[in-house]
Amino acid sequence: MPQHEWPLWEVFIRSKNGLDHKHAGSLHAADAQMAIEHARDVYTRRMEGISIWVVESKYIHASNPEEASSLYDPANDKPYRHPTFYDLPEEVKNM
Amino acid sequence: MQAFDEGKIFLDKISREIKIEPQDWMPEQYRKTLIRQMSQHAHSEIVGMLPEGNWITRAPSLKRKAILIAKVQDEAGHGLYLYSAAETLNITREEMIGQLHAGKAKYSSIFNYPTLTWADIGAIGWLVDGAAIMNQVPLCRCSYGPYARAMIRICKEESFHQRQGFDILFTLSNGTGAQKKMAQDAINRWWWPSIMMFGPNDDASPHTKQSMDWKIKRFTNDELRQKFIDVCAEQVKVLRLTLPDEKLKWNDERKHYDFGDIDWEEFRNVVNGNGPCNKERMDARIRAHKEGEWVREAAAAHAEKIKLRQQKAVA
Ligand SMILES: [Fe+2]
Ligand SMILES: [Fe+2]
């Protein structure tokens, strides 16, 4: 018996004007238009979003979890990238 | 050596409440346990639409009908969130649905009971969704990221399900004598199956310890059941109805309600396929899937055609 499993899509939703699109979940659909329609029915039934992006899951490339430490390590020893690194004289109230 | 380190990192993450994500290393048994639990959960949401769907056309008012449609639509969404989350564990939707239709996967046995009157829709919302919420809230903190995120979404939507059920029962209970009787009758039939939803007693539940260690589960079956009974025993008073358990009684020492013996024989019977509606539910699912085959096929063919046309236009 032939089966027709539609490809998997990742759904990203912008909840409000001015905010980023955020990953909401995934779903199956035959094409992009259907993926958007399904995403609207499934992920925005309670005004959760004003804009939807869909990307076919196979096009998403992810970093390797085993390399996570090497991604974050270089940042760890550069505390001078954060404003809290600097002690300001008391006279400076706001900076 | 490699596997040992990976195992250690995994357990370390669990103990520090760091979520396990799809690409992370995980023990095979963890993956299997999650696939079983999440797919069962997804199947339950989908099969759970059937007993309520039975009353959509006969809801007593347009308002009740719109509410019931919205609730049943939510359950379809819950099934989808959970199937998607399970798919991150390297099992396809097709495989999961195949397992359900072949009778190899289970779903919550509660949905094998019939919905005889409108009051049953109230009892399902109050008790069945209520029990589901009790189970699901701790799952929002489950160690597997995609499952926890799906559960957060689901729990947000569930709270209206329980309230609309309570509202139906409250309205009936304050209606005519016949309506009040109908509400009581529904509670009488749904109460025991509802408290069976938490699963076997802890001493008869061999997987509980491992699931708790892995923080898939946060409370045992008996703990959740007791919590649920304590809550319902109070709420039923507001309904001015009763729960069908002569042994139900506040125990001041335990600070919990005592309750009567659960008929586990009935539970096993229904789980093993001999409940009042097991066959009807499975037949309905299989029929729906078969009758949808041409739609899936046509949509795939249409998408392919559009793609080819676009490629030609570019060339
Ligand atoms: Fe649900
Ligand atoms: Fe629900």
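These numbers come from a predicted model, not from an experiment. Protein chains get the first letters and strands the later ones, always in sequence-line order, with residue 1 at the start of each.
Within a 6.0 Å sphere centred on NZ of B/Lys106, heavy atoms belonging to other residues, nucleotides or ligands number 12 at most. By the neighbour-count criterion of 12 heavy atoms within 6.0 Å, atom CZ of B/Arg163 is sparsely surrounded, having that number or fewer from other residues, nucleotides or ligands. In A/Tyr59, the OH atom is not crowded: 12 or fewer heavy atoms of neighbouring residues, nucleotides or ligands sit closer than 6.0 Å.
Closest non-hydrogen pair, B/Ala299 versus A/Ala30, comes out as O-CB, 3.6 Å. Summarising the geometry of B/Gln73 relative to A/Asp41, their closest heavy-atom pair is NE2-O, 4.4 Å, with the distance given to 0.1 Å.
Using a 4.0 Å cut-off between charged nitrogen and carboxylate oxygen, A/Asp31 and B/Lys305 do not count as a salt-bridge pair.
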Sequence neighbours excluded and cut-off under 3.5 Å, please list the side-chain donor-acceptor pairs for residues 307-315 of chain B, or say none.
none

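In this structure, NE2 on B/His302 lies 7.0 Å from CD on A/Gln33, to the nearest 0.5 angstrom. B/Arg93 CZ to A/Trp6 CH2: the interatomic distance, rounded to the nearest 0.5 Å, is 10.0 Å. One distance of note links CG of B/Leu80 with NE2 of A/His38; it measures 9.5 Å at 0.5 Å rounding.
Contact count against chain B (heavy-atom pairs under 4.5 Å) is highest for A/Ala24 among A/Ala29, A/Gly25, A/Ala24. Residue with the most contacts toward chain A among B/Glu304, B/Arg149, B/Glu87: B/Glu87 (heavy-atom pairs, distance under 4.5 Å).
For residues 61-68 of chain B, a heavy-atom distance under 4.5 Å to chain A picks out no residue at all.
Between the side chain of B/Tyr81 and the main chain of A/Tyr43, no donor-acceptor pair closer than 3.5 Å is present.
For a residue to count as touching a neighbouring chain, one of its non-hydrogen atoms must lie under 4.5 Å from one of that chain's; by this rule B/Glu21 does not touch chain A.
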Set out, in order, the CA-CA distance, both residues' side-chain angles and the distance that settles side-chain contact (heavy atoms from CB on, under 4.5 Å) for B/Phe160 and A/Arg46, then state yes or no.
CA-CA 12 Å; B/Phe160 113 75; A/Arg46 289 175 175 79; 3.3 Å; yes
